[in-house]
*Asks:* 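I'd like to ask you about the structure that follows.
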Amino acid sequence: MKPTYEPSEIEARWYDVWERSGAFRPEVNPEGEPFSIVIPPPNVTGVLHMGHALNMSIQDAIIRRKRMQGYAALWLPGSDHAGIATQNVVERELAAEGMTRHDIGREAFVDQVWQWKERSGGQITGQIRRMGFSTDWSRERFTLDNGLSRAVREVFVTLYEEGLIYRGYRIINWCPRCHTALSEIEVDHEDVAGELVHIRYPFTEGEGGIVVATTRVETMLGDTGVAVHPDDPRYVDLVGRTVRLPLLDRVIPIVADPAVDPEFGTGAVKVTPAHDPTDFDIAERTGLESIVVIDTEGNITKEGGRFFGMDRLEARESVRHALREEGYVVAIEDHHHSVGHCSRCGTMVEPLLSNQWFVKVGPLVRPAIDAVRSGDSRFVPERWEKSYFHWMENLRDWCISRQLWWGHRIPAWYCDECDDMVVSREDIVECPSCGGSVRAEDDVLDTWFSSALWPFSTLGWPEKTADVARFYPTSVLVTGFDIIYFWVARMLMMGLHFMGEKPFDDIVIHGLVRSADGRKMSKSAGNALDPLELVDQYGADAVRLTLVQSAAPGHDIPLNEEWVDASRRFGNKVWNAARFVVEHNEVRGVPATDGYPEEPGPEDAWILARLAEVTGAYDELLREYRFSDAVGLLYNFAWSEVFDWYIEMAKVGLKDGTRAATTKQTLGVVMRDLLKLLHPIVPFVTEELWSELGDGSLLVSARWPEPPALSGPAGMAELQELVTGLRRFRSEHQIGNVPVDILLEDPAGLAAEWWHGQLHALANATISGDGPPAELVGHTRIHAGGVAAFIPLAGLVDVDAERPRLEKAIAEMNDLADRSRQKLSNPKFRDRAPADVVAKEEAKLEEFEATLLKLRTQLAELG
RNA sequence: GGGCGUUUAGCUCAGUUGGGAGAGCGCUUCCCUUACAAGGAAGAGGUCGGCGGUUCGAGCCCGUCAACGCCCACCA
């Protein structure tokens, strides 16, 4: 076995072995109960970033544990075609050659995207393998592959037939750069400092006019009315009159509508139905017409008169200037408001009137809310349910059509002859009603439409496959809070509607990986850590351990590179501990036995009891998705108890001919169970060490440990306390590692030889006799529970130097005892606190006083 | 305008039934002891954001204030 731990060398070795073994497939546990997770599919354009690494490290921890517990565990991988993002990538390639997608045409363009996908799309799967994630590659899916495309079409057509998908001429969010409609949640709102311009619209009859206020003066070109609140006394008499639109001389009416807030601005609103959702609603209610003045490029249309052809921002300046020149501007005040930006490219979105496809979400929402409210699906941590409910209850219809070429084409055809529209599961070549030629719908679907079907489309639906029957609903969904609305909510809606059952039991929400300074990691800010670079430097195990250990439920994770280094050192520590175990087993395979020693020594019994206790607690924490706590517990147990204490104690047993076998067996059992427990978190190093310890593969053959409940023996706490006391004595008196002779009193029922061996090994102390010395003066004593060690000071340390230590200890103990006494003398405490708490407090005080007495005696004994 | 989160050791953060404050890194001192110096041992360092309340007892429960952060919103 190599003396040094080299993660990259080990990690290169195992993934292929694992994958070839078939152990990532649920079929390895054919009798097992199904347990399934579908991966949140990364964008096919993507490279693995810290968010993926965290997300998948958690899922792997879950799935590997379940696999070891005998479940038929499926972790299904795949990727998302990511409409806009992927199209943008290929368009940029074209742009480099001075072309646009329109130059080569739709078919050639889509071909080119597919080629790009084949060429570069696999990058992330290689990175997933490098991280050691145990996904079942035989079931890998892509949102645009044939099966999933069929599922998409089936869902679309069914919803259309049910009246839950419709085509409508409505205001949508338009990105003038991506040239497509966006859904509500693809728009990021950002507060900007703007201005509120008050403009006077003169009456057509008589003197004066009405003053409106707007933040977007350029839209006045599309005004077809002015609205006031029906109960506003200032304006109620004006309703029905007409005004003359400045600059364009259009005559428009004043109407009344309750959507107007009398408190805001002047209480009178200019109505631009084609470029504002609220105005659109007002126009529908009051019968105003719509005039489109901004086109899909973000430029002013012919309707804008002399401003025709201007960019919308340029028009804003020009219109304001013109209004001022001509004396229509009454006032301009500063005004902060939020402005929508395309979440893909950051361009300011333009509300635009256009023909789009929508999902009527109303009937889908109720079941999706009820499934969570009833606890059928459960968010972890629970608090996310609140924002989920709030969002769902205020959901508006979902705009699903996108003016892109890369995606699932909407299965609708329009007849050139009779103008009919047909929505169909199968491709249409001629119009079913008149036989005329048809043309296909240009638009494709929102990427999130296909993602919404992921938990069942990936299992083979709409076919009645064995996987659908066996693995739906899935067991756990692990994802970040940032896509609860985009993805989780929609999977719940679609899953419940089409499968009649929730798509997953538990929804585990983790935080964002942030940089060490707490900011969001981003390439542009230059503070993003690349997981693959960290993997090269520290190993995949170290990166995984760091992320999972940091994953406190629902909290963001600031990632410090030093933590990854600390994780690597943990791997090194485990490596060396295992090396110790291996090197002390001249017969390979001995520690591979599951058998517990029949007559364990005190330290063996102690560590086995602790192991049992920790295993139970660890498993419980993992079951509750408290990864940070779970890993913290195991890490500290392994390092502080097994490595720092037990292995040191075991060295005594190994040298003792009568106990060596038992000690080896205990070391073997403890190390084996540690490796198993650690394996879901750090699979590579544990697999490597497993192969050194025994035979076979941990992944393939090891079962999750279920140790018997054991109780620890007496005397171990005393030993540890005594050893620590002796070490502190050395440290405080700076006496290095010179041997110390002690006399031991009351060895807690354990053999004198045992004490001798352990104290010698752990504290370089020899026992020169039993019980207190005849002449106490000139000794100091160290107490550990009922056990006491007396140290002759002569020749060792300056007697007077021991005095301050004792005085300090007495002061501290006095303080503790005082507080305890105070508590106990409070009649209310005795009255109202539970009996066991009072008893515990009394025992504590007793102990304090006893210790105090001993310390005072000691002080006196110094002379 | 609503909603949520955070505030604990120098730094980054844990701390779920309210009962003697924790980790990693950093710092001090000692030690190359035959698994490991990528290590071991012993330490120093906290009015658990402020104020008020409930309780025998509060980092933990309630109220309030402050700072920072996030999400949602058709504020023309």
*Asks:* Just wondering, do A:D818 and A:F848 contact through their side chains at under 4.5 Å, heavy atoms?
*Replies:* no
*Asks:* Can you tell me, in whole Å, how much space there is between the P of B:C62 and that of B:G1?
*Replies:* 25 Å
*Asks:* Within the modelled atom types, does a donor on one side and an acceptor on the other bring the side chain of A:E648 and the base of B:A35 under 3.5 Å apart?
*Replies:* yes
*Asks:* Please give, in whole Å, the distance from B:G15 C1' to A:L633 CG?
*Replies:* 13 Å
*Asks:* Any salt bridge between A:K828 and A:D831, counting N to O under 4.0 Å?
*Replies:* no
*Asks:* Report yes if the side chains of A:L667 and A:F580 come closer than 4.5 Å at any heavy-atom pair, otherwise no.
*Replies:* yes
*Asks:* Distance between the P atoms of B:A38 and B:G59, in whole angstroms?
*Replies:* 41 Å
*Asks:* Name the closest nucleotide to the A:N572 side chain, picking from B:A38, B:G20, B:A76.
*Replies:* B:A38
*Asks:* Which of the following nucleotides, B:A42, B:C70, B:A35, is nearest to the side chain of A:T724?
*Replies:* B:A42
*Asks:* Check whether more than 12 heavy atoms from other residues, nucleotides or ligands sit under 6.0 Å from atom CD of A:E846, and answer yes or no.
*Replies:* no
*Asks:* Is NZ or CZ of A:R514 both nearer than 6.0 Å to the six-membered ring centre of A:W563 and within 45° of the ring axis?
*Replies:* no
*Asks:* Output yes when a side-chain donor or acceptor of A:S820 lies under 3.5 Å from a complementary backbone atom of A:L816, and no otherwise.
*Replies:* no
*Asks:* Grab the NE2-P distance between A:H555 and B:C4 for me, whole Å please.
*Replies:* 15 Å
*Asks:* A:R728 has a side chain; which of B:G43, B:A14, B:A38 sits nearest to it?
*Replies:* B:G43
*Asks:* Taking the side chain of A:P558 as heavy atoms from C-beta outward, which of B:U12, B:C75, B:C72 is closest to it?
*Replies:* B:U12
*Asks:* At a heavy-atom distance below 4.0 Å, what parts of residues 635-643 of chain A sit against RNA chain B?
*Replies:* A:W639, A:F643
*Asks:* Report the relative orientation of the aromatic rings in A:F643 and A:F570; use parallel for angles under 30°, tilted for 30 to 60°, perpendicular for over 60°.
*Replies:* tilted
*Asks:* Would you check if the side chain of A:R568 reaches a backbone N or O of A:Q537 as a donor-acceptor pair within less than 3.5 Å?
*Replies:* no
*Asks:* Of the nucleotides B:A76, B:A14, B:G20, which has the atom closest to the A:H337 side chain?
*Replies:* B:A76
*Asks:* In this structure, how many angstroms lie between the P atom of B:A73 and the CG atom of A:D188, rounded?
*Replies:* 10 Å
*Asks:* Using atom CG of A:L559 as one end and atom P of B:C13 as the other, report the distance to the nearest whole Å.
*Replies:* 11 Å
*Asks:* Calculate the interatomic distance between A:N764 atom CG and B:U33 atom P; express it in whole Å.
*Replies:* 12 Å
*Asks:* Provide the distance between the two C1' atoms, one in B:G43 and one in B:U55, to the nearest whole Å.
*Replies:* 37 Å
*Asks:* On a plain distance test, is the side chain of A:K386 in donor-acceptor contact with the base of B:C4 below 3.5 Å?
*Replies:* no
*Asks:* For B:A23 and B:G69, measure between their P atoms and round to the nearest Å.
*Replies:* 31 Å
*Asks:* Take atom CG of A:N394 as the centre, draw a 6.0 Å sphere, and report whether it contains more than 12 heavy atoms from other residues, nucleotides or ligands.
*Replies:* yes
*Asks:* Which nucleotide in the list B:A38, B:A76, B:A35 gets nearest to the side chain of A:D261?
*Replies:* B:A76
*Asks:* Compare every heavy atom of A:V361 with every heavy atom of A:R396, then report the nearest pair and how far apart it is.
*Replies:* O-CG2, 3.6 Å
*Asks:* With pairs defined as Watson-Crick or G-U wobble and both distances under 3.5 angstrom, please note down RNA chain B as a dot-bracket string, | for pairing with another strand.
*Replies:* (((((((..((((.....[..)))).(((((.......))))).....(((((..]....))))))))))))....
*Asks:* What nucleotide, of B:A41, B:C71, B:C36, holds the atom closest to the side chain of A:Y485?
*Replies:* B:C71
*Asks:* Mind checking the C1' distance from B:A14 to B:G46? Whole angstroms is fine.
*Replies:* 15 Å
*Asks:* Measure from CZ on A:R383 to C1' on B:C71 and round the result to the nearest Å.
*Replies:* 12 Å
*Asks:* Base contacts versus sugar-phosphate-only contacts with protein, heavy atoms under 4.0 Å: please encode nucleotides 26-31 of chain B as B, S and - from 5' to 3'.
*Replies:* ---S--
*Asks:* Determine, stepwise, if the pair A:E284 / A:R170 fulfils salt bridge (Lys or Arg N to Asp or Glu O under 4.0 Å).
*Replies:* CA-CA 11 Å; A:E284 285 223 307; A:R170 301 187 12 187; over 6 Å; no
*Asks:* For B:C75 and A:H336 - does any side-chain N or O of the residue sit under 4.0 Å from the phosphate oxygens OP1/OP2?
*Replies:* no
*Asks:* Reading RNA chain B from 5' onward, which residue's closest nucleotide shows up sooner: A:W645 or A:E624?
*Replies:* A:E624
*Asks:* For B:U6 versus B:C61, give the span between their P atoms, rounded off to a whole number of Å.
*Replies:* 10 Å
*Asks:* Counting heavy atoms from C-beta on, name the nucleotide in B:G20, B:A14, B:A76 closest to the side chain of A:D629.
*Replies:* B:A14
*Asks:* Mind checking the P distance from B:G45 to B:A9? Whole angstroms is fine.
*Replies:* 14 Å
*Asks:* Give the nucleotide from the list B:A42, B:G20, B:A73 with an atom nearest to the side chain of A:H189.
*Replies:* B:A73
*Asks:* Which nucleotide wins on minimum distance to the side chain of A:H390, given the candidates B:A35, B:G19, B:C72?
*Replies:* B:C72
*Asks:* Looking only at heavy atoms, which two atoms of A:Y538 and A:P7 are closest? And how far apart?
*Replies:* O-CG, 3.7 Å
*Asks:* How many whole angstroms separate atom CZ of A:F829 from atom C1' of B:G20?
*Replies:* 11 Å
*Asks:* In whole angstroms, how far is the P atom of B:G20 from the CD atom of A:E842?
*Replies:* 15 Å
*Asks:* Are a donor atom and an acceptor atom from the side chains of A:R579 and A:N576 found within less than 3.5 Å of each other?
*Replies:* yes
*Asks:* Roughly how far apart, to the nearest Å, are B:G19 and B:G57 at atom P?
*Replies:* 15 Å
